[in-house]
Structure formats: C-alpha cells, structure tokens
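Have a look at the structure below before the remarks.
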Protein chains: 2
Amino acid sequence: MTTHDNDAFKPIATVDLAIFSLSPEGLAVLLVRRAAAPFSREWALPGGWIHIDEDADLEAAARRVLKEKTGVETPYLEQLQTTGSRDRDPRGWSISIVYIALLSADDVAKRQDAIAGDAEWRAIEGEGVGFSIAFDHALLLKEALGRIRSKVEYTNLPGHLLPVRFTLSELQSVYENLLGRKLDKSAFRKRMAEADFLEPVEGEMRRASNRPAQMFRLKDAQSLVLFDRRI
Amino acid sequence: MTTHDNDAFKPIATVDLAIFSLSPEGLAVLLVRRAAAPFSREWALPGGWIHIDEDADLEAAARRVLKEKTGVETPYLEQLQTTGSRDRDPRGWSISIVYIALLSADDVAKRQDAIAGDAEWRAIEGEGVGFSIAFDHALLLKEALGRIRSKVEYTNLPGHLLPVRFTLSELQSVYENLLGRKLDKSAFRKRMAEADFLEPVEGEMRRASNRPAQMFRLKDAQSLVLFDRRI
DNA sequence: CTAACTTAGTTGAAGATTTACACTAAGACG
DNA sequence: CGTCTTAGTGTAAATCTTCAACTAAGTTAG
C-alpha cells in the first residue's frame, strides 16, 4: 500500500492562469507567445513551474506568475481545476493547476505598460479565442469560461471586471454582455441591494448630458459574493 | 521566462480521496491507517502516487485508488481542489489533488468485504471526524464537507448516497439529515419532479404496515443534476 | 369485518415574490 | 423653456412558496 519515497513518481507540474478583463469587444483573456519548445512561437495561457524557494504554496505561485505578466498584485483569484495526463505534454506525464484571475478595467488601463512583452489580450469568441493555442490550453480556457459564465448567474463576478468606481447601469450592462440577454432594471437593482456588496462613493456622480448617476465600489475587491437566487 | 526542462522543479504529487457514504449515524468518510512514515499508524484520507504506466490521467488515478480501497468502480466522482505547499509534507514541497467520491448504500453493503484491511468508515461530526488525522487531511476533509453541504442545497447529491432503489420519503430524509432542517413534503416533491432526475421503478413498491410507496432510481448514477433554485 | 393507525401522496388558500412596464427625476442642450 | 437622455422608483398582475389539511392505501388489533 504505502511505498518508499523512492517509488514516488513525480510528474511535471505547472501553474497556469486564465486572466480575464473587459475589452471594448467584451471579455478578453491574456495569452503569451511561447519562446521555447514544445509549442515554440505558439500562444498559450501564462504559467510556469513552481519555484521551490520563492513559492510557499500554489496560490503564491499563481500570484507570482500573475505579477510577472501583468504587474497586478491583488486581483480576484480562484483555483479552477487541475488537469493531468500522460499525453498533454510531449515531455511526459504532466499536471497543470489552473487559476482564474479577474482584472479590473483600472488595472488593465494603468498597467498597460507593465504587461509583459510576450503577452497580449485576445477577445473571447464563444468558447475560446477562435484560433488554436498550445498544449490543451484551449480546453482549459473553455472550462474557465464555463465557470465564469456560470458564476455570472449567481455572484457579483462582473463587479470585479469594471473600474474601481462604476454606476449600476454600467454594472448591469456587463451582466447583460456576459449573460447574452437583457435584464430588468428594477429587478436588477433590487438584487444588487439585497446582495449587499456595493457601497456608494460619497459625493461622486457620473455626469453626462442626462441625470447624473450614483457611483459605487465593491466593499471587498478580492472576494466573490454569492446571491440567494439567480439573477 | 520560459526555462529549460532542467529548471523544472517537480513537487511530490499525490491523489487523495474523500470517500463518503451513509452510515446509521449519518454521513461517514473512509479513512486508512498509514503503514509507513511520515505519520505512520495515523489515520489519513486514502490516496497514492500517480502510477506512470497504469494511470492515463488524474481521474484514472483517483478511480484506481478508489477501487483498491473499496472495490467500487463506478461511483459519483468529482475533483474538489488541489492543495500544495512547502510545509504540508515533511518530505518537501508537495501537492495533493483531492477528489470526492459518493458511494451508494448498496455498494457499501455488498462490498463490505472488499473494503481494504487498513480502511474503516468514520462518522462525520461537525466539520470532521472528531480526532486528528495525518498531514493537512483534516483541512482537506473540511473543504470536502463544505462542498458537499453546499451542493445538497441545489443538486441531487443525496440521491447518490442512497441504495439504487429508494422512495421519495427516504430521499427527503437524507436531505433533511444533511441539511440539518426539516423540509416541506409537497415543496420537496415538486422540486424533485421539476429537476427530472428520477425514474420510477416499474411495479416496485416499498411495503410496510402502511400505504406502499413508489420506488425510484436515478436516471444517471454518475452525474449530479443542478436545480433551478435552492431546495 | 371493521375501526384505528401509519405513512404516501395531493390539494388549495393565504401570503410573499417576481415580472413587465410605466412613471417620475435630474441633468444637458439648443 | 421645451426636448432629449439616462437614472431611479412604483405598481398591478402573474407566479411561486408556505402551511396545513385532506385523501389514499395498506397493516394490525380486536
């Protein structure tokens, strides 16, 4: 049953990230161009080996990769799933621990320069990016999109993609964009009030050639709030 | 950025299982006594190394461990999460990919003999088993219980713990047991009908000194059905 | 044989919630 | 000052939930 340490087979292990943000075309994911084999020159999800001395745990490794690629340190981050098989990497039995990160529009704008040279945002179309990417990353990305779309139904996830300050109408329009359907304004506002994850920013209003709108921010920018019912 | 294969640090990796069933005292988890160091002679979640030639992927490894410990081959199985850190195993940086398995009462009864000699069922009390177990397995078990209890609210999970054939009253009572509260009979039956995951077993009835009850079975014994609303 | 008992399964009224949509509010603009 | 635009609220009708009583179908005791 229990074996000696010598019997332990150690697979290749990487931590990979599906980092999302909002672009003018809707949801976008950060991809990097691989420099080395395998899949050299192809696009892939950002990721890396565990650094035995730097990384205290898996989440630390994910945060390190995230910072290397985007400069952002405190986004919403959650573990998605772990995939492992004999065939997914030509170098041998390998596993990938996949994390999802959501970047606020402010982070994307302010740190545009910090985005690593080999990295670029790609718009999401349907279940992926519309072209083929390295390893089984298309599948990992598809799983990440599934998780995100499912969570839009019953969490405040879209609030993590907006700028730090936003109006209820802006929030509603992100929900509608990600859900692919229109929502009732009055019901939407009631839900947000019940879920109690927003706080009004005192004094600040969005001004345009119409009635000014109250601005809000998330009470907690790093954790998701679950609703009682679907939106 | 991208490194040579030589730079890749490979952590220790195990697949560990939280295997649940119903005992007379309620929910129970299968624990094994460790034979070797570290934590020799202590109780732990069943698990093991990846077998490079036997296991095509992580789920195959989980199914292999499950079969070794219980004899059961086709239970409900889902990946819970992956934990990894420098400190969780005295032998060094290690990761554990944790799976949850649900065994039907029939599997437990019929395969009682197949349960490995070093394994025993332990009743769940609150957030664990009430005594200390090896590694960080108490924490992993707590996470597994959290996932299970949350899924009782909006899935047919309890149906996977019952015998293959059961009545609606029996199903309701498992829900009540796991939720820790009473449910309304009429609302409960409506939910189950809407969720459409049961099929009546033709002709079979549960007989006692009262009105006989229709027996049902799951339409699909290996997958969870999500409800539209909470139970 | 029948009345009492037990659990299965259904029904329906009262109350709560959701939905759809119209309405009012507050600014800019010409 | 009237029109336009988006913010934000109100409400009637429709739907869903809750709670409890009711009917159904068997066993068991006398």
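Given the structure is predicted, the values throughout are model-derived calculations rather than measurements. A note on names: the letters A, B, ... follow the listed sequences, proteins ahead of strands, and every chain is numbered from 1.
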Between Arg181(A) and Glu153(A), does a salt bridge (Lys or Arg N to Asp or Glu O under 4.0 Å) hold up when you go through it step by step?
-> CA-CA 11 Å; Arg181(A) 68 171 196 268; Glu153(A) 294 275 355; 3.4 Å; yes
Measure the shortest side-chain to side-chain distance between Phe166(B) and Val174(B) over non-hydrogen atoms and say whether it is less than 4.5 angstrom.
-> no
Letter per nucleotide, 5' to 3', of nucleotides 20-30 of chain D [B base touched, S only sugar-phosphate touched, - untouched; heavy atoms, 4.0 Å] | B---BBBSS--
Mind calculating the distance between CG (Asp228(A)) and C1' (dC16(D)) to the nearest angstrom?
-> 16 Å
Just do the salt bridge (Lys or Arg N to Asp or Glu O under 4.0 Å) check on Glu68(B) and Arg64(B) with the steps written out, would you?
-> CA-CA 6 Å; Glu68(B) 286 169 7; Arg64(B) 177 179 52 73; 3.0 Å; yes
Taking the nucleotide of DNA chain C with the closest heavy atom to each, which residue, Arg229(B) or Ser169(B), is nearer the 5' end?
-> Ser169(B)
Take the protein atom CE of Met215(B) and the nucleotide atom P of dA8(C), then report the distance between them rounded to whole Å.
-> 11 Å
Does NZ in Lys67(A) sit with more than 12 non-hydrogen atoms of other residues, nucleotides or ligands closer than 6.0 Å?
-> no
Answer with yes or no whether the side chains of Asp106(B) and Ser104(B) bring together a donor and an acceptor at under 3.5 Å.
-> no
Just how far, in rounded Å, is P of dT11(D) from NZ of Lys190(A)?
-> 13 Å
Length of the line joining Met192(A):CE and dA7(D):C1', which is rounded to integer Å = 16 Å
Distance, rounded to the nearest Å, where Phe216(A) contributes CZ and dA7(D) contributes C1' = 11 Å
Can you tell me how far P of dG12(C) sits from CZ of Arg189(B), to the nearest Å?
-> 17 Å
With sequence neighbours left out, what residues match Arg149(A) under side-chain hydrogen bond (donor to acceptor under 3.5 Å, both in side chains)?
-> none
Starting from P on dT15(D), measure out to CZ on Arg230(A) and report it in whole angstrom.
-> 20 Å
Kindly assign one of parallel, tilted or perpendicular to the pair Phe188(B) and Tyr175(B), based on the angle between their ring planes and the thresholds 30° and 60°.
-> perpendicular
Whole-Å distance separating the CZ atom of Arg181(B) from the P atom of dT18(D) = 10 Å
Base, sugar-phosphate alone, or nothing: which one does Arg191(B) contact when heavy atoms must sit under 4.0 Å apart?
-> sugar-phosphate
Base, sugar-phosphate alone, or nothing: which one does Ala213(B) contact when heavy atoms must sit under 4.0 Å apart?
-> sugar-phosphate
